[in-house]
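All values derive from a computational prediction rather than experimental measurement.
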Amino acid sequence: MSIMKVKLSDIIDAIEMTDQYSENFLDRETGEIVWISDMAMDSAEKEASCDQLDEHGFYRLPTSFDIHEYGMMEEFVYALPEPAQSKLSRAIQGKGAFRRFKDTVRHLGIEEQWYQYRDSSYKRKAIEWCEGNGVEYEK
């Protein structure tokens, strides 16, 4: 059973939007991305989505646990020259790291650079996922 080509941007959007309470699946028959959320769906809605996926077959897209946005932040930080590297490496330590990181990136004037890095990381992860699962994609 093969699926149609999927848009890479749809895969990227789905993995960017996932959180600890939701997962995304690619329906093998239709190529549709099905979102299932513990917080936003009642049990009947979840059951209907799962029944569709079970009937058609599915691929589980990477979850927020697979993506590790904190790891992306670390990679970005250590690719920067000093003094930005030191300032950001301190910012990502401990509780509140994401907020401090975003505030420091803004203060240093490198928001655009961070978002380009983050976007290319998500794109790379989406391509790796597609290729690893034999899913054809179009850019």
Can you check whether Val6 reaches Leu26 side chain to side chain, under 4.5 Å on heavy atoms?
-> yes

Please work out which of the three classes, parallel, tilted or perpendicular, describes the rings of Phe76 and Tyr117, given edges at 30° and 60°.
-> tilted

Hydrophobic cluster membership, Tyr21 vs Met17, 4.5 Å side-chain cutoff = no

So do the side chains of Phe58 and Val34 get within less than 4.5 Å of each other, counting heavy atoms only?
-> no

Short side-chain donor-acceptor distance under 3.5 Å, Gln85 and Ser89 | no

Given side chains that start at C-beta, do those of Tyr122 and Glu69 come closer than 4.5 Å, heavy atoms only?
-> yes

Is Arg106 salt-bridged to Asp103, cutoff N-O under 4.0 Å?
-> yes

So do Val105 and Gln113 actually touch side chain to side chain, heavy atoms under 4.5 Å?
-> no

Can you find a pair of side-chain heavy atoms, one from Cys130 and one from Ile127, that are under 4.5 Å apart?
-> no

Using the rule that two of Ile, Leu, Val, Met, Phe, Trp, Tyr join whenever any of their side-chain heavy atoms come within less than 4.5 Å, decide whether Met73 and Tyr78 are in one cluster.
-> yes

For the residue pair Leu88 and Leu108, establish whether any side-chain heavy-atom pair is separated by less than 4.5 Å.
-> yes

Audit row: Tyr137, Ile11, side-chain contact (heavy atoms from CB on, under 4.5 Å) steps and yes/no = CA-CA 9 Å; Tyr137 62 90; Ile11 300 294; 6.0 Å; no

Are Arg60 and Trp129 side-chain neighbours, meaning at least one heavy-atom pair lies under 4.5 Å?
-> no

Do other residues, nucleotides or ligands put more than 12 heavy atoms under 6.0 Å from Glu112 CD?
-> no

